[in-house]
Protein chains: 2
Amino acid sequence: MNEMEARPNRHFIAEQAKIFKALGHPSRLLMVQALRDGEKCVCDLQALIGADMSTVSRHLAVLREAGVVRSEKRGTNIYYALALSCLATFLQCTGTLIAERIRQKSALLGNDQDAT
Amino acid sequence: MNEMEARPNRHFIAEQAKIFKALGHPSRLLMVQALRDGEKCVCDLQALIGADMSTVSRHLAVLREAGVVRSEKRGTNIYYALALSCLATFLQCTGTLIAERIRQKSALLGNDQDAT
DNA sequence: TTCATATTTGGCAAAATAGCCAAACGATAT
DNA sequence: ATATCGTTTGGCTATTTTGCCAAATATGAA
């Protein structure tokens, strides 16, 4: 059994790519980053993103269908929460790496901060 | 210093999203998976993907510009290698998760394997 | 019931992406 | 010099994604 981790089949790879694709949009990634602090309702996330509510809802649908977040209706609102525990570690890692890259690039350009 | 990990700025988030976006395509993800075993030339990767050489080259450019892989010309060929060490762990984690999901879904449908 | 509030969905236009062919490029060999 | 090999780039079309508005839906309040 589970040959799929050694030599991933088409369905498996597609499913995994879907996760990455879902995270590969600034607005969606920002929402996911925010969800590390705990669940939020769509309205919270809209405030964070600043786009139309319908746009935010569509982004959330992408994340949900990829299995990155899960949603739960409670009271008047729908709350979204992270459903991919290992993501936090990876975000941390890429974050550090990118910070490093940005720092190097700034150094090359002669500025002392790029954190604008 | 490094406020960006707590409250990521636009540039930072865009850069991070670029990594995910790069990984968010089946062909690119497949190549990255293959690169876990060590560097490969474009021709190897083309054989893996089966698309036009130009297509493979463009996919590799996306990965390279996102900083997921790095390339090095050696002899006649150009070799691509992983440049994002922490990726392997995350792939492992999502892989396990997806395998789990696929298994559950298959169970629901009554089939005993979906690993086709 | 009607009204308001929170979220999703339909539909469309603009923008981005994917993939192929052909052409260009750079290095090595002849 | 020409030829060849491995790779990238130009240019094009087809497909997908994005984001807004408006409309639908669901749920709680009055």
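Protein chains get the first letters and strands the later ones, always in sequence-line order, with residue 1 at the start of each.
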> Which part of the nucleic acid, if any, lies within contact of B:Y79, taking any heavy atom under 4.0 Å across all strands shown: a base, the sugar-phosphate backbone alone, or nothing?
Replying inline: nothing
> Rounded to the nearest Å, what distance is computed from the CD1 atom of residue B:I78 to the P atom of nucleotide C:dA27?
Replying inline: 10 Å
>> Under 4.0 Å from OP1 or OP2 of C:dG19: is there any side-chain N or O of B:H25 that close?
In response: yes
> Are B:R36 and B:Q33 linked by a side-chain donor-acceptor pair shorter than 3.5 Å?
Replying inline: yes
>> Within the structure provided, determine whether B:Y80 and B:V42 are in side-chain contact (heavy-atom separation under 4.5 Å).
In response: yes
> What is the distance, rounded to the nearest whole Å, between atom CD of B:E72 and atom C1' of C:dG26?
Replying inline: 17 Å
> Just to confirm, is there a sub-4.0 Å distance from OP1 or OP2 of C:dG19 to any side-chain nitrogen or oxygen of B:T55?
Replying inline: no
>> Both A:V42 and B:A51 contact DNA chain C. Which one's nearest nucleotide lies toward the 5' end?
In response: A:V42
Using atom types as modelled, flag every donor-acceptor pair under 3.5 Å from a side chain in residues 17-32 of chain A to any protein atom, sequence neighbours excluded.
unit_1: A:H25; atom_1: ND1; unit_2: A:S27; atom_2: N; d: 3.0
unit_1: A:R28; atom_1: NE; unit_2: A:A22; atom_2: O; d: 2.7
unit_1: A:R28; atom_1: NH1; unit_2: A:H59; atom_2: ND1; d: 3.0
unit_1: A:R28; atom_1: NH2; unit_2: A:K21; atom_2: O; d: 3.3

> Is A:R28 near enough to D:dT18 that one of its side-chain N or O atoms lies under 4.0 angstrom from OP1 or OP2?
Replying inline: yes
> Which whole-number value in Å describes the distance from A:R58 CZ to D:dT18 C1'?
Replying inline: 10 Å
>> Heavy atoms only, 4.0 Å cut-off, all strands: where does A:T76 land among base, sugar-phosphate and nothing?
In response: sugar-phosphate
> Within less than 4.0 Å of OP1 or OP2 of D:dT8, is there a side-chain N or O belonging to B:Y80?
Replying inline: yes
> Are B:E100 and B:T96 side-chain neighbours, meaning at least one heavy-atom pair lies under 4.5 Å?
Replying inline: no
>> By nearest atom, which of the nucleotides D:dT17, D:dT8, C:dT7 is closest to the A:K21 side chain?
In response: D:dT17
For residues 44-54 of chain A, which side-chain donor-acceptor pairs fall under 3.5 Å, sequence neighbours excluded?
unit_1: A:D44; atom_1: OD2; unit_2: A:C41; atom_2: N; d: 3.4
unit_1: A:Q46; atom_1: NE2; unit_2: A:A51; atom_2: O; d: 3.3
unit_1: A:D52; atom_1: OD1; unit_2: A:S54; atom_2: N; d: 2.9
unit_1: A:D52; atom_1: OD1; unit_2: A:S54; atom_2: OG; d: 2.7

> Between B:L60 (CG) and D:dG6 (P), how many Å, whole number?
Replying inline: 16 Å
> Quick one: on DNA chain C, does A:N77 or A:D52 contact a more 5' nucleotide (nearest heavy atom)?
Replying inline: A:N77
> Rounded to whole angstroms, how far apart are CZ on A:R64 and P on C:dT9?
Replying inline: 7 Å
>> Please report the distance, rounded to the nearest Å, between CE in B:M53 and C1' in D:dT4.
In response: 14 Å
> Closest nucleotide of DNA chain D for A:K73 versus for A:V62: which of these residues is on the 5' side?
Replying inline: A:V62
> Over how many whole Å does the gap from A:L63 atom CG to D:dT17 atom P extend?
Replying inline: 14 Å
>> Just N and O in the side chain of A:H59: are any of them under 4.0 Å from OP1 or OP2 of D:dG19?
In response: yes
> Can you check the A:I49 CD1 to D:dC20 P distance for me, whole Å?
Replying inline: 11 Å
